[in-house]
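Below is one structure, written out as structure tokens, with a few remarks after it.
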Amino acid sequence: MKVSFTSTQTPKTKPEDSQLSFGTQFTDHMFLMDYNREKGWHDSRIVPYGNFSLPPSTTVLHYGQAIFEGLKAYRCPDDTIQLFRARDNFNRFNRSAKRMCIPEIDTDTVLEHLKDLIRTDREWVPSSRGTSLYIRPAIIATDPYLGIRASHTYRFFIILSPVGAYYPEGFNPVKIWVTSDYVRAVPGGVGEAKTAGNYAASLYASEEAQREGYTQVLWLDGKEHRYVEEVGSMNIFFVINNTIVTPALNGSILSGITRDTVIQMAKKQGIAVSEKRISMNEICDAHEKGWLSEAFGSGTAAVISPVGTIRYEDRVLTIQKGTAGPVASMLFDEITAIQYGEKKDPFQWTEKI
Ligand SMILES: *Cc1c(COP(=O)(O)O)cnc(C)c1O
């Protein structure tokens, strides 16, 4: 499939690696393609990064029919660039598409287009350890129509953002707030889809947690408000009696690719992993008995995020004295070494561009 190319006439100054933060700066180009019922996905093009012009009646602006992905490319010590588990991201993208009545994409074709886009803007891929190129594919519904039905037209886009080291001052534990009042997802809902509205629905509880001095919300199940689901934009793990325990995928938890990476890496390192339903009461009980040695989150942005404090109703659990534990640190080191091409990748997670 051919992709047309229009080069920018006004290249931007690239930021210094030390000036990078998350999701604020974008490269010179983006990838676009459109969908309609006659042509399917068509008009693949790499064009200068720039605004969209959409009528105010555009479906996505009213009803949120939209999906997205988040993945990264890394610059290796030999100056090559590699993607991490990109195929898994595009397969999940198609699962989200299906759930949101959005037409699926051809993953092989789109992966080639993504590589073309990164090659175009390859100078934007930062090189300091900890920095990377964050990749944001998304699809929005574009019918100019206020009726409620799946749109007949869509826009697919990929934008690229160089991002800074997540832990510039070291591997810092976060404080999380368990909400018993609000839920992120319910059985039969869209928790498993990476769809825009899930985040809009999460903001109110996040603001409440932040007012109390906590970084993120830990969500419980939508039915009984007892079982642990996930944290903000991360999946959650506990180390209990030397076993890594994480909530089993149940349809309302987002199936994180980093979650799967952690599980595979832990098993390879000889650590037992248990995916099961786990209640907040069991966590509190394990903490009380001294069995809970670590908690950490997993997601593309931070890879591993140690959890130092969990607030649940009137209890405050301090874990590993509020510092990063050995299991979280080992997993972070082993996984990032593969992402940056410093260690051999026996899992075939990486793909050169
Ligand atoms: C994207 C996301 C995650 C993490 O998924 P990764 O593939 O590991 O980045 C976890 N929870 C939610 C709600 C997410 O949207």
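When a ligand or atom number is given, it counts from 1 through the structure's own listing order.
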* Inspect the surroundings of CG in Asn51 and state if more than 12 heavy atoms from other residues, nucleotides or ligands are less than 6.0 Å away. => no
Sub-3.5 Å pairs, protein N or O with ligand 1 N or O:
from	atom 1	to	atom 2	distance (Å)
ligand 1	7 (O)	Arg92	NH1	2.8
ligand 1	7 (O)	Arg92	NH2	3.1
ligand 1	7 (O)	Ile257	N	2.8
ligand 1	8 (O)	Ile257	N	3.3
ligand 1	8 (O)	Thr258	N	2.9
ligand 1	8 (O)	Thr258	OG1	2.6
ligand 1	9 (O)	Thr300	N	2.9
ligand 1	9 (O)	Thr300	OG1	2.6
ligand 1	11 (N)	Glu230	OE1	2.5
ligand 1	15 (O)	Lys194	NZ	2.7
ligand 1	15 (O)	Tyr199	OH	2.5

* **Between Phe157 and Phe52, ring centroids under 6.0 Å** => yes
* Asked: Is the centre of the Phe171 ring less than 6.0 Å from the centre of the Phe296 ring?
  -> no
* Contacts of type salt bridge (Lys or Arg N to Asp or Glu O under 4.0 Å), residue Lys267, not counting sequence neighbours -> none
* To do: Step through it carefully: locate the ring centre of Phe22, locate the ring centre of Tyr134, and say whether they are under 6.0 Å apart.
  => yes
* Do you see a donor-acceptor pair shorter than 3.5 Å between the side chains of Arg85 and Thr261? -> yes
